[in-house]
**Student:** 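Pasting a structure below so you can have a look.
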There are 2 protein chains.
Amino acid sequence: MSEAKFIIVEALFPGLTQLDFTGPHTVFSRLPAIEVIVASAAGGAIPSDGGLVFAGTRKLAEIERCDLLFVPGGASATAAALDENFMIELRRLARGARYLTSVCTGSLILGAAGLLNGKRAACHWAWRHMLPLFGAVPDEARVVRDGNVITGGGVTAGIDFALAVAAEIAGETTAQAIQLGLEYAPAPPFNAGRPETAPAEVLAIVNGVNASIQPRRLAEAKEAATRLR
Amino acid sequence: MSEAKFIIVEALFPGLTQLDFTGPHTVFSRLPAIEVIVASAAGGAIPSDGGLVFAGTRKLAEIERCDLLFVPGGASATAAALDENFMIELRRLARGARYLTSVCTGSLILGAAGLLNGKRAACHWAWRHMLPLFGAVPDEARVVRDGNVITGGGVTAGIDFALAVAAEIAGETTAQAIQLGLEYAPAPPFNAGRPETAPAEVLAIVNGVNASIQPRRLAEAKEAATRLR
């Protein structure tokens, strides 16, 4: 029975950006003939940004295989890339998967697992310069496909990413039905969603916040890259 | 100390559509000088669509007051509107709030609490025809403001809604910085997010699914409306 279902494993880690995950999860969980497994290295409750806690995640080590592996990002993504147990399970599941996917800085995690060598990949705009540490080629598109690797840009790109994945797996009509059910006809009140379009003052604020965590993230990413060699 | 903070209460209920909630929560939790409280009638773990469970919500009855009350929607929204304890707590918190807000079918819950009488409100496109049961005036805009009531349309409208609320509370620059941090420059792969733009075949699929739950929802909404009189 379960052999016939397409299995998606969503690999969470403490401190993830929850919207990186919850946007795609909403789309994936509405696909027909699908099994979506929310998992983490330790299993159990996983805290995310903004204080939300997801209860009852399954242990990655207990999941036999999947058709699609999905990894969200977060402020702790580079720390997660240093969790050897997490990396081992991602590599194991990746070996049997048809698709390897991520959103936001989740691509740094895929990279640290050695899964993006020579691949083009998306990432959050503020962090995509770190991708070459893992042999990946940064691509500024919102959704990037390179072979069996499908990646999305920062946070909200996850919804566009997931609809593209839904169309790939289940066809355009199904993806469009999910889009209609989610009333996804976005109308942002401002045009500030990309560094190229945001007012200079706004970009300076966000760059200032990011600069404060850049040293830690870069050190963690470099350490993760060292372990790959 | 906490008196100075702007308090947002997010009122969850079992079976909510998690993206109705997680989109706005991401925006709200990034506002400066804010306290975001995730709560529910019973407190504790709250299950949502797609199998996700939010751990550790606070009990609404234990929250003294808030500046902004937010209610998401979901397939169980009209059932939640029949939970007298939930309605009592929403009415109590609403009395001291500067803003009353909702996303998707959360406006049916605000309506059932008697908070939308004579007000224009948004709702998910497939369910907004139920708003007049509660004396509210359906508005097909993605974000609708009528006095101190700010409501968003279906599911993903919550992100546009929350950025509009963020601008109202903290100013446009802050809202734009949050938008940039979330890389919210949406690019849907299809133009199927509204019934007016979706292919006829796609609309027929979604209408078919909705028709199957329409009798239950309508019966629940009518019962909730009866209790208001």
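Chain identifiers are assigned alphabetically (A, B, ...) following the order of the sequence lines, protein sequences preceding nucleic acid strands; residue numbering begins at 1 within each chain.
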**Student:** So which heavy atom on B:R194 is nearest to which on A:L180, and how close?
**Tutor:** C-CD1, 3.4 Å

**Student:** Sort out for me which of A:T22, A:T174, A:T26 touches chain B most, counting heavy-atom pairs under 4.5 Å.
**Tutor:** A:T22

**Student:** Do B:Y184 and A:V155 pass the side-chain contact (heavy atoms from CB on, under 4.5 Å) test, and can you show the C-alpha distance, the side-chain angles, and the key distance before you say yes or no?
**Tutor:** CA-CA 8 Å; B:Y184 188 49; A:V155 198; over 6 Å; no

**Student:** Contact part of A:V206 toward chain B, heavy-atom cut-off under 4.5 Å: side chain, backbone, both or neither?
**Tutor:** side chain

**Student:** Testing the basics here: between B:Q176 and A:V202, what is the closest heavy-atom pair and its distance to 0.1 Å?
**Tutor:**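 Residues B:Q176 and A:V202, closest heavy atoms: OE1-CG2, 3.4 Å.
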
**Student:** Check each atom of A:L203 against the heavy atoms of chain B and say whether the ones under 4.5 Å are side chain, backbone, both or neither.
**Tutor:**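 Looking at A:L203, backbone and side chain both touch chain B.
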
**Student:** First locate atom CG of B:L19, then atom CZ of A:R30, and finally report the distance between them rounded to the nearest 0.5 Å.
**Tutor:** 8.0 Å

**Student:** Considering only heavy atoms, which portion of A:P47 lies under 4.5 Å from any heavy atom of chain B: side chain, backbone, both, or neither?
**Tutor:**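 For A:P47, no heavy atom lies under 4.5 Å from chain B.
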
**Student:** Could you tell me which portion of A:S29 (side chain, backbone, both or neither) has an atom closer than 4.5 angstrom to a non-hydrogen atom of chain B?
**Tutor:**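 Looking at A:S29, just its side chain touches chain B.
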
**Student:** Between the side chain of A:H124 and the main-chain N/O of B:G181, is any donor-acceptor distance below 3.5 Å?
**Tutor:** yes

**Student:** Can you say whether A:T57 sits under 4.5 Å from chain B via the side chain, the backbone, both, or neither, judging by heavy atoms?
**Tutor:**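 The answer is neither part of A:T57.
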
**Student:** Any idea which heavy atoms bring B:F190 and A:L163 closest together, and the distance?
**Tutor:** CE1-O, 4.1 Å

**Student:** For A:F161, is it the side chain, the backbone, both or neither that has a heavy atom under 4.5 Å from a heavy atom of chain B?
**Tutor:** neither

**Student:** Could you check A:R142 against B:E183 for side-chain contact (heavy atoms from CB on, under 4.5 Å), going step by step and ending with a plain yes or no?
**Tutor:** CA-CA 9 Å; A:R142 197 156 170 86; B:E183 203 168 327; 4.1 Å; yes

